[in-house]
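A, B, ... follow the sequence lines: proteins, then strands. Residue 1 opens every chain.
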Amino acid sequence: MIEFFLRNKGRQIDLDSTLDCGQTFRWLKDGEWWKGVVRDTVIFLKEDSEGIAVRSSSESLLGRDVHQGIEYYLGLEDDLHLIHSTLERRLRAFDLKVRTVSEKALAEASGLRILRQDSFEMVVEYILSTRNSIPMIRWMSDRLSELFPENRIDFCGESFYAFPSLSQLKRISQEALIGLKIGFRVPWLLKLFSKIETESYFSELSTLTVEEKLEELTKHDGIGYKVGSCVILFSYGELGAFPVDIWISRVMKDLFAFCGSTKKLMQFGMDSFSPYGGYYQEALFRYYRTHKLGRDLK
DNA sequence: GCCCAGGGGTAGT
DNA sequence: ACTACCCATGGG
């Protein structure tokens with residue numbers, strides 16, 4: 001076991017809002033510790049005012065030293081001061097209600113960071129997210145991982161499962177997926193698993209522009225603008241991506257009196273809050289959900 | 001652009 | 001028990 005302490009050094013992070021805001025599905029809080037699997041490494045995180053205590057099952061993470069791997073994964077390299085001040089500048093173009101609500105939302109999300117997750121895992125999990133709740137997405141994703149005993153990692157007396165690779169999922173049967181209550185999403189996943197040749201297909205998309213990434217991802221069944229922009233934001237660190245779900249479309253109507261298709265709302269968000277629309281979107285999403293606002297809108 | 005199926009868990013009443 | 005609601009997409 002590797003154990004170390006990651007000092008804040010002025011970089012704020014709030015693990016609760018970062019790991020429980022809908023951008024990631026498999027992290028669980030157990031007492032004071034957040035427990036999760038990043039690729040094939042089990043990570044435990046515990047936060048205090050000085051920084052984050054880290055326990056890791058491996059010395060390396062994402063092809064780097066685990067210290068640097070964690071900093072990358074948690075988005076600690078993002079300059080939150082710059083991001084928030086840029087967003088506040090963009091917000092000056094709007095009226096007092098927009099600015100007031102947005103500033104509250106941003107203040108409450110002051111330690112929320114965008115993660116850099118695995119692109120293949122994000123694609124599969126966000127296809128599963130279609131018309132689904134976060135606990136069910138977590139359940140499906142965990143059961144899917146447990147189908148592969150070779151993915152088990154024992155750490156600190158508990159068992160964890162790494163998310164399956166594409167080559168593993170190519171071997172999975174339609175019946176097995178149906179058994180995981182994946183329902184109408186099964187044909188989308190089967191088509192994806194058979195069509196894509198190597199997992200590097202997804203990581204290679206990182207060199208494309210946001211528009212090109214969206215165009216490529218939405219070629220696949222089960223990936224529309226919402227799922228595609230989530231993958232782009234949460235795995236490629238495209239901080240301008242602006243996923244539009246039911247909550248964000250309520251926000252757009254409530255704050256901006258803006259109605260329209262997912263694509264139009266997404267484009268409005270990307271254009272208006274460039275290059276950090278993703279951070280603004282997460283703050284609004286969290287604010288409206290935690291305060292249960294806008295539910296009487298459509 | 002509009003409408004609708006797809007399935008099951010769960011929180012609120 | 002019953003209802004409304006889930007971080008939508010694809011096809012008609």
S.K.: Grab the NZ-C1' distance between A/Lys263 and B/dG1 for me, whole Å please.
M.R.: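 Rounding to the nearest Å, NZ of A/Lys263 and C1' of B/dG1 are 14 Å apart.
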
S.K.: In Watson-Crick or G-U wobble terms, both distances under 3.5 Å, what is the partner of B/dT13?
M.R.: C/dA1

S.K.: Linking I/L/V/M/F/W/Y whenever their side-chain heavy atoms sit closer than 4.5 Å, directly or via other members, would A/Leu217 and A/Leu239 fall into one cluster?
M.R.: yes

S.K.: Applying a 3.5 Å limit to both distances, which nucleotide forms a Watson-Crick or G-U wobble pair with C/dC7?
M.R.: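 For C/dC7, the partner nucleotide comes out as none, under the 3.5 Å rule.
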
S.K.: Rounded to the nearest Å, what distance is computed from the CZ atom of residue A/Arg138 to the C1' atom of nucleotide C/dC7?
M.R.: 14 Å

S.K.: Any side-chain donor paired with an acceptor under 3.5 Å for A/Asn151 and A/Ser145?
M.R.: no

S.K.: Out of A/Phe4, A/Phe160, A/Trp27, which one pairs with A/Phe44 under the ring-ring contact (aromatic ring centres under 6.0 Å, His included) rule?
M.R.: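 Going through A/Phe4, A/Phe160, A/Trp27 one by one, the ring-ring contact (aromatic ring centres under 6.0 Å, His included) with A/Phe44 is satisfied by A/Phe160 alone.
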
S.K.: Rounded off to whole Å, could you give me the CG-to-C1' distance for the A/Asp142 and B/dG9 pair?
M.R.: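 In whole Å, B/dG9 C1' lies 16 Å from A/Asp142 CG.
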
S.K.: In whole angstroms, how far is the C1' atom of B/dG6 from the CH2 atom of A/Trp188?
M.R.: 8 Å

S.K.: Starting at the 5' end of DNA chain C, which residue's closest nucleotide do you reach first, A/Thr24 or A/Gly222?
M.R.: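 Nearest nucleotide further toward 5': that of A/Thr24.
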
S.K.: Taking any heavy-atom pair under 4.0 Å as a contact, classify A/Ile134: base, sugar-phosphate, or nothing.
M.R.: base

S.K.: Between A/Gly183 and A/Lys264, which has a closest nucleotide on DNA chain B that is more 5'?
M.R.: A/Lys264

S.K.: Between C/dG12 and B/dG6, how far apart are the C1' atoms? Round to whole Å, please.
M.R.: 15 Å

S.K.: Below 4.0 angstrom, N of the basic side chain to O of the carboxylate: do A/Lys213 and A/Glu216 qualify?
M.R.: no

S.K.: Answer yes or no: side-chain N or O of A/Arg131 and base N or O of B/dG7 forming a donor-acceptor pair under 3.5 Å.
M.R.: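 Side chain to base: pair found, below 3.5 Å.
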
S.K.: Tell me: CZ of A/Arg143 to P of B/dG8, nearest whole Å?
M.R.: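 One finds 17 Å between P of B/dG8 and CZ of A/Arg143, rounded.
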
S.K.: Whole Å only: how far is the CG atom of A/Leu128 from the P atom of B/dG7?
M.R.: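 Value for this atom pair: 16 Å.
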
S.K.: Taking a pair as Watson-Crick or G-U wobble with both distances under 3.5 Å, which nucleotide is matched to C/dG12?
M.R.: B/dC2

S.K.: For the pair A/Lys226 and A/Met266, evaluate side chain to side chain contact (heavy atoms under 4.5 Å, CB included) and give the outcome as yes or no after the intermediate values.
M.R.: CA-CA 8 Å; A/Lys226 158 62 171 65; A/Met266 179 189 78; over 6 Å; no

S.K.: Any chance you could measure A/Ile248, atom CD1, to A/Lys253, atom NZ, to the nearest 0.5 Å?
M.R.: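 Here the interatomic distance stands at 15.5 Å.
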
S.K.: Which of these nucleotides, B/dG7, C/dA8, C/dC7, is closest to any side-chain atom of A/Val227?
M.R.: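 From the listed options, C/dA8 comes nearest.
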
S.K.: Taking the same atom, P, in B/dG12 and in C/dC7, what whole-Å distance lies between them?
M.R.: 13 Å

S.K.: Once you round it to whole Å, what is the distance between P of C/dG10 and NE2 of A/His220?
M.R.: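 Going from NE2 in A/His220 over to P in C/dG10 covers 11 Å.
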
S.K.: Could you tell me whether A/Tyr225 contacts a base, only the sugar-phosphate backbone, or nothing, with contacts defined as non-hydrogen atoms closer than 4.0 Å?
M.R.: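 Contact class for A/Tyr225: sugar-phosphate only.
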
S.K.: Would you tell me if any nitrogen or oxygen in the side chain of A/Lys181 comes within less than 4.0 Å of OP1 or OP2 on B/dG9?
M.R.: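 For A/Lys181, the contact criterion (side-chain N or O under 4.0 Å from OP1 or OP2 of B/dG9) is met.
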
S.K.: Which is more 5' along DNA chain C, the nucleotide nearest A/Asp245 or the one nearest A/Ile223? Just name the residue.
M.R.: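 Result of the comparison: A/Asp245.
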
S.K.: Nearest whole angstrom, please: distance from the C1' of B/dA11 to the CZ of A/Arg289.
M.R.: 13 Å

